[in-house]
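Only one structure is covered here, and it is reproduced in the block below.
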Amino acid sequence: MSLDDRPWETVIGLEVHCQLATAEKLFCGCPNRFGQPPNRDTCPICLGMPGVLPVLNPHAVRLALRAGHALGCVVQPRSIFARKHYFYPDLPKGYQITQYEQPILLGGAVDLELDDGRSARINLTRIHIEEDAGKSSHGEGGATLVDLNRAGVPLIEIVSEPEMRSADEAVAYLRALHAIVRYLGVSDGNMEEGSFRCDANVSIRRAGETTLGTRTELKNLNSFRGVQRSIEYEAGRHADLLEHGRAIVQETRLWDDAAGRTRAMRGKEEAHDYRYFPEPDLPALVLTAADEVAATVDLPELPAARRARLVAVTGLSAYDAAVLTAERALADYFEAAVAAHPANPKGISNWVTSELLARVPADAVAAGPVPPVALARLVGLIDDGTLSGRLAKEVFEAMLAGEGDPDAIVEARGLRQVTDSDAIEVACRAVIAGNPAQLAQFRGGKAQVKGFFVGQVMRATGGKANPGQVNALLDRLLAEGE
Amino acid sequence: MIDGLCSLRRALDAGHLSAVEATTACLRSIEATDERLGAWLAVDAEGALAQAANVDRRRAAGDALGPLAGVPLGVKDIFLTRGLTTTCASRILEGFVPPYDATVIGRLRAADAVLLGKHNMDEFAMGSSSESSGFHPVRNPWDLDRIPGGSSGGSAVAVAAGHCAGALGTDTGGSVRQPAALCGVVGLKPTYGRLSRFGVIAFASSLDQPGPLARTVRDAAALFEVCAGLDPFDATSADVPVPTGLADLPAGADLRGLRLGVPAECFGEGLQPGVASAMRAALDVLRDLGAELVDIELPHTRFAVAAYYLIATAEASSNLARYDGVRFGRRAGAADDLHDLYGATRGAGFGLEVKRRIMLGTFALSAGYYDAYYQKASQVRTLISRDFDRAFEAVDAIVTPTSPTTAFRLGERVADPLQMYLADIFTIACNLAGLPGMSIPCGFDELNLPVGLQLLGRAFDEATVCRVGAAYEDATDWTARRPSLAEASP
């Protein structure tokens with residue numbers, strides 16, 4: 001199915017639905033949160049009872065504007081809401097309140113750095129505010145259960161231009177967008193909980209063509225990997241059809257992650273005339289200067305800028321900088337550690353990426369058992385020779401177990417590295433004297449036997465001898481008798 | 001026998017009668033005549049008497065009381081009343097007990113009014129005769145073979161028949177003013193945004209506006225002042241100060257210095273002779289009161305009915321989508337799948353006129369037709385608003401008949417929706433422009449059926465409308481006339 005080696009170019013546009021991290025829903029005062037018992041977070045308004053009216057949550061507007069500023073969108077001073085109609089049990093009013101003809105944000109772009117070193121700019125068409133629907137679960141025996149906790153949760157829909165040319169690029173775009181909305185505090189971006197969802201419009205054309213092919217829209221993409229696989233599958237399906245002289249049908253298709261394929265939705269599921277018209281219950285959303293200023297206050301440094309700064313200031317590799325800036329909390333952690341021990345950012349980076357992230361999730365490092373200052377101290381103890389690499393790992397384990405800061409652990413466990421050269425020399429001499437057979441082998445030309453002596457000295461000192469000093473001393477002492 | 005809201009309020013304050021006595025009188029009146037009139041869908045005698053007793057107790061204790069303390073009222077069954085069945089006269093909501101009060105109901109309760117029950121109406125407020133009620137039609141107390149107008153027909157009848165001191169209806173295209181005219185009472189449609197729509201079952205959201213019906217202009221104004229004002233639960237409600245003192249307008253004031261516009265369009269075809277002569281006589285009275293009558297033109301109002309039936313049906317088709325039998329109201333029994341459930345529930349629950357308007361509105365919003373219908377109607381609406389803007393540069397209020405005819409016979413127009421829709425030809429433009437309007441009794445035709453005079457004002461200028469209405473009312477005695485059926489009741 002792969003398009004490699006075939007004369008086709010894939011064209012992808014993405015529609016991302018991103019739940020906004022407001023305390024309350026978009027049009028009522030119900031809490032906006034995940035994981036409650038079904039239908040607990042509901043009221044007459046989000047249940048669509050007779051007589052209810054929507055009132056716009058200004059916090060949602062501010063978060064949308066924040067995203068708009070960060071993505072370089074053109075803010076529309078006046079936008080309007082519209083009703084989009086379809087019948088479904090998880091849509092209580094029979095229509096969704098969204099923005100259609102006049103959205104709050106137009107244009108904007110996401111800049112990508114791709115794994116192969118290229119960079120790309122993906123332009124955005126628009127971003128608009130809308131409400132989420134509830135959730136239907138299709139149980140056994142044909143019953144459908146409806147949970148309306150999610151009904152009325154605020155979303156922004158971020159619509160890209162069809163400017164991505166591979167599944168890799170689509171995923172890179174999604175990851176960049178995901179990092180940005182999380183940095184901004186606009187969304188928690190939790191894909192498993194549905195806070196960050198994506199539909200993909202996919203078409204293919206012969207390389208060099210400028211008109212777009214017939215597209216299909218892919219739904220039910222719940223992970224970055226699902227996005228990648230579904231786009232690759234769908235592009236391959238298009239190519240197979242076209243290579244056999246058949247036409248692509250413009251339709252909506254569902255991605256079946258388990259089966260690894262897409263399937264057409266039934267005609268009934270798809271045949272909608274949404275009958276959009278301006279929402280008469282909501283006046284036009286007219287932004288004040290204060291709204292726009294509020295949206296730009298405390299905008300954080302965004303992932304791309306931060307990555308570039310870390311490379312320039314601390315000398316990290318682009319790869320390490322990318323890992324460390326994927327999550328705002330992780331980057332904050334790293335920079336706090338570097339501030340406490342500015343001499344060795346590279347060492348801190350290594351400890352964070354290879355040891356800490358193996359044990360603590362990236363978004364939980366700040367509140368975890370190893371505060372940034374403690375990690376910095378640990379690296380400092382290695383750098384000043386107090387701890388060997390091996391001892392440092394023992395201290396790190398103790399920190400994870402909650403035994404306190406590195407100095408306390410070193411003290412309590414007596415792990416301080418022995419750097420007193422007289423003491424080390426005494427130990428070395430004792431080991432040499434006690435192992436005449438190995439000494440004879442060494443002197444007979446078996447240089448690798450030196451490792452045996454190093455091991456014996458380390459064992460005799462309980463691992464606390466400085467390995468560099470042990471090596472240097474053994475070199476001198478073993479040579480002495482020759 | 002309840003005389004009127006303000007006079008009752010004075011009697012209650014003076015201790016001439018108790019709230020329980022007033023409420024009991026209303027309940028007896030309902031019992032005596034409503035079997036013939038059909039104005040009520042629910043009467044909460046127990047709840048009303050309990051509220052009344054509570055007011056009496058608090059009055060005896062010297063507590064501070066609200067401005068409508070002990071006044072028995074009824075409201076159209078379109079207002080949600082917590083714990084009291086609300087159906088909008090539709091079978092699809094049969095047995096629906098709301099979990100919350102509409103904002104305006106809350107304001108009536110806070111004013112210590114006594115809520116007697118819910119008034120019959122056209123189903124979902126769609127109609128001009130109250131014949132489309134899903135339960136039973138309403139009859140005009142002046143002639144039981146005739147319709148009372150609609151959609152707030154039950155409210156107009158209940159006020160005319162003396163069942164209650166006042167009522168709250170809603171007006172989307174004339175639904176307060178036209179039945180007020182046909183039943184000989186006063187009906188006020190405030191400026192769009194004046195009264196909250198929260199908890200009012202939506203028919204056409206950009207046009208709907210609650211409004212009082214009462215025996216006199218001052219009675220209607222008293223209800224208006226209690227219910228009006230900004231509501232944080234209605235994003236379209238207006239933050240404009242509510243006029244006060246309208247219930248206490250001085251008697252016998254003149255209209256010197258006031259310019260009243262009379263549109264040429266008002267005396268066109270279709271106006272019944274009895275209505276035309278009552279209208280001419282009313283203009284003479286207004287002139288005698290010192291008002292200057294000015295001929296004006298509202299050239300685009302001839303498109304108002306067409307524009308209205310596109311905008312109102314489009315919004316209705318959307319607003320009524322929630323009645324799917326899933327979360328509240330009636331659900332059809334057996335269904336094979338989801339679409340069958342929707343079809344069976346809505347097929348059985350909605351009446352003919354509601355279905356007709358859902359179909360019209362759905363069509364008007366459909367892909368490929370939106371521009372020609374909904375969009376065009378919205379443009380016409382803007383032109384109608386501009387007509388009024390221009391007219392109000394030259395005049396302070398506008399005078400027209402409320403309805404081109406007096407009450408017609410039951411069943412006369414059921415088979416002819418277009419004729420039915422033309423009943424609102426003078427009232428609809430006011431809703432499209434969002435302006436305040438009032439109907440006050442201005443005479444009777446040769447069959448002794450009431451005729452209504454309509455007054456239209458500038459946006460948020462209900463004060464001028466009430467001032468003109470009160471002066472006219474003081475100079476005539478039409479509001480004092482009662483149907484014989486009401487005179488005969490206890």
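Keep in mind that the numbers below use all heavy atoms, side chains included, and drop hydrogens, waters and symmetry copies. Bear in mind the structure is a predicted one, so any value in this text is a computation, not a measurement. Just so it is clear: chains get the letters A, B, ... in the order the sequence lines come, proteins before strands, and each one is counted from 1.
Between chain B and the options A/Pro92, A/Gly94, A/Cys28, the largest number of non-hydrogen pairs under 4.5 Å is found for A/Pro92. Interface summary for chain A: among B/Asn319, B/Leu207, B/Ile78, B/Leu341, the most heavy-atom pairs under 4.5 angstrom belong to B/Asn319. When each of B/Ser206, B/Ser366, B/Ser317 is checked for heavy-atom pairs under 4.5 Å with chain A, B/Ser366 comes out on top. Between chain A and the options B/Glu315, B/Arg327, B/Gln375, B/Arg322, the largest number of non-hydrogen pairs under 4.5 Å is found for B/Arg322. Comparing A/Leu148, A/Leu282, A/Ile45, A/Asp281 by how many heavy-atom pairs each has under 4.5 Å with chain B, the most go to A/Asp281.
Here the CZ atom belonging to B/Phe233 is positioned 10.5 Å from the CG atom belonging to A/Leu53, to the nearest 0.5 angstrom. Note that OG1 of B/Thr81 and CD1 of B/Ile105 are 6.5 Å apart. Values are rounded to the nearest 0.5 Å. Between the OG atom in B/Ser132 and the CG atom in B/Asp122 there is a gap of 3.5 Å [rounded to 0.5 Å]. If you take CG on A/Leu285 and CD1 on A/Ile80, they are separated by 10.5 Å, rounding to the nearest 0.5 Å. If you take CG on A/Asn39 and CZ on A/Arg150, they are separated by 12.5 Å, rounding to the nearest 0.5 Å.
Residues of residues 84-100 of chain B that come within less than 4.5 angstrom of chain A, heavy atom to heavy atom, are B/Leu93, B/Phe96, B/Pro99, B/Tyr100 in numerical order. Residues from residues 191-204 of chain B that place a non-hydrogen atom less than 4.5 Å from a non-hydrogen atom of chain A comprise B/Tyr192, B/Arg197, B/Phe198, B/Gly199, B/Val200, B/Ile201, given in numerical order.
With a 4.5 Å cut-off on non-hydrogen atoms, A/Phe27 does not touch chain B at all. Within the 4.5 angstrom heavy-atom criterion, atoms from both the backbone and the side chain of B/Thr362 approach chain A. Of the two parts of B/Ala102, neither the backbone nor the side chain holds a non-hydrogen atom closer than 4.5 Å to a non-hydrogen atom of chain A.
Within the structure, salt bridge (Lys or Arg N to Asp or Glu O under 4.0 Å) contacts touching residues 367-381 of chain B (residues at least two apart or in different chains) do not occur.
Between B/Tyr374 and A/Phe277, the two ring planes are perpendicular [angle over 60°; tilted spans 30° to 60°].
With sequence neighbours excluded, the residues forming a side chain to side chain contact (heavy atoms under 4.5 Å, CB included) with A/Ser187 are A/Cys18, A/Val181, A/Ser195, listed by chain and number.
Because its NZ or CZ atom is both nearer than 6.0 Å to the ring centre of A/Tyr274 and within 45° of the ring axis, A/Lys84 counts as a cation-pi partner of that residue.
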Quick one, B/Asp171 with B/Ser152, criterion side chain to side chain contact (heavy atoms under 4.5 Å, CB included). Give me CA distance, side-chain angles, the key distance, then yes/no. CA-CA 8 Å; B/Asp171 190 316; B/Ser152 308; over 6 Å; no

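Between A/Asp90 and A/Lys135 there is no salt bridge, since none of the side-chain N atoms of the basic residue sits less than 4.0 Å from a carboxylate O of the acidic one.
Taking every heavy atom of both residues into account, B/Ala377 and B/Ala307 meet most closely at CB-O, 3.8 Å.
Proximity of the aromatic rings of B/Tyr369 and B/Phe363 is defined here by a centroid distance below 6.0 angstrom, and this criterion is met.
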